[in-house]
Amino acid sequence: MEKITVLWGPSCGSARRACQWLDEHNLDYDKVNVVSQAISMGTLKKVLSLTEYGAEEIISKRSKTYKKFGQKHIDSLTITELHKLLVNYPSLIKKPIIFTHNKLQVGFNADEIRSFIPRETRRVTFAQMLEVLHNA
């Protein structure tokens with residue numbers, strides 16, 4: 001089974017819902033509170049490698065900190081400078097960020113998060129559903 005990591009913050013309702021969903025589906029995951037524990041450079045690079053549009057996908061444009069710095073400033077940063085900024089201002093990070101070695105979901109979406117259920121389990125569940133429908 002793929003290792004799932006959730007970057008979250010305790011005040012984020014979406015992050016709590018994502019963790020609750022993973023728990024309800026008996027999926028094992030590592031929960032990293034990026035507010036109390038700085039995001040590592042390795043984690044940042046991994047997340048960015050899974051994005052389609054880079055840092056823009058993981059930066060919270062609604063945060064007061066974002067408004068303070070502005071997109072132009074953030075766009076001009078190197079990866080090392082971006083890492084330092086996110087470590088010092090974790091409110092800049094959208095939460096939750098859910099990822100494995102090859103999947104990424106930013107925010108909680110009840111439909112999209114299903115992709116973290118292993119394929120074999122999804123097949124069995126679908127087969128069970130078809131059997132129930134057939135017997136009805």
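Here the structure is a predicted model, which is why all the values come from computation and not from measurement.
The side chain to side chain donor-acceptor pair (under 3.5 Å) search around Asn88 returns none, not counting sequence neighbours. Every residue two or more places apart in sequence or in another chain that forms a side-chain contact (heavy atoms from CB on, under 4.5 Å) with His101 is listed here: Glu2, Lys46. The side-chain contact (heavy atoms from CB on, under 4.5 Å) test applied to Thr43 returns Leu7, Ile39, Ser40, Val47, Phe99, not counting sequence neighbours. With sequence neighbours excluded, no residue satisfies side-chain contact (heavy atoms from CB on, under 4.5 Å) with Arg16.
Atom CG of Leu48 is separated from atom OH of Tyr53 by 15.0 Å, given to the nearest 0.5 angstrom. Here CG of Leu86 is found 4.5 Å from CD1 of Ile93. Values are rounded to the nearest 0.5 Å. Between the CD1 atom in Ile74 and the CG atom in Leu85 there is a gap of 6.0 Å [rounded to 0.5 Å]. Distance NE2/His73 to NZ/Lys68: 9.5 Å, rounded to 0.5 Å.
Contact between Ala18 and Pro96 at its shortest, heavy atoms only, is CB-CG, 3.9 Å. Residues Glu81 and Leu77 come closest through the heavy atom pair OE1-CA, 3.4 Å. Minimum interatomic distance between Ser60 and Ser91 (heavy atoms only, all atoms of both residues): CB-O, 3.9 Å. Summarising the geometry of Val35 relative to Gly9, their closest heavy-atom pair is CG2-CA, 4.0 Å, with the distance given to 0.1 Å. In this structure, Tyr66 and Ser63 approach most closely via the heavy-atom pair N-OG, 3.0 Å. Annotation for Arg114 and Ala110: closest pair CG-O, 3.5 Å, computed over non-hydrogen atoms.
Checked against a 6.0 Å centroid threshold, the rings of Tyr89 and Phe69 count as neighbours.
Contact check for Ile4 versus Lys103: no side-chain heavy atoms found under the 4.5 Å cut-off. The shortest distance between side-chain heavy atoms of Leu82 and Ile59 falls below 4.5 Å. Side-chain atoms of Ile113 and His25, non-hydrogen and from C-beta on, never get closer than 4.5 Å to each other. Residues Thr100 and Leu50 have side chains not in contact (no heavy-atom distance under 4.5 Å, counting atoms from C-beta outward). Side-chain contact between Tyr29 and Asp23: present, with at least one pair of heavy atoms (C-beta onward) separated by less than 4.5 Å. Between Cys19 and Trp21, every side-chain heavy-atom pair lies at or beyond the 4.5 Å cut-off.
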**OP:** Please lay out, stage by stage, how Val106 and Thr51 fare under the test side-chain contact (heavy atoms from CB on, under 4.5 Å).
**Re:** CA-CA 9 Å; Val106 179; Thr51 64; 5.6 Å; no
Original post:
Would Ile97 and Val34 count as a side-chain contact (heavy atoms from CB on, under 4.5 Å) if you check the C-alpha gap in whole Å, the side-chain angles of each, and the deciding distance to 0.1 Å?
Top reply: CA-CA 10 Å; Ile97 296 177; Val34 294; over 6 Å; no
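Cluster membership for Ile58 and Phe116, using ILVMFWY side-chain heavy atoms within less than 4.5 angstrom, is not shared. Leu27 and Phe108 fall within a single hydrophobic cluster, where Ile, Leu, Val, Met, Phe, Trp and Tyr side chains are chained together by heavy-atom contacts under 4.5 Å. By the rule that hydrophobic residues join a cluster once side-chain heavy atoms approach within less than 4.5 Å of another member, Trp8 and Val87 end up as members of separate clusters.
Applying the salt bridge (Lys or Arg N to Asp or Glu O under 4.0 Å) test to pairs two or more places apart or on separate chains, those with a residue in residues 55-67 are Glu56-Lys61. Within the structure, the salt bridge (Lys or Arg N to Asp or Glu O under 4.0 Å) test picks out the following pairs touching residues 29-45 (sequence neighbours left out): Lys3-Asp30.
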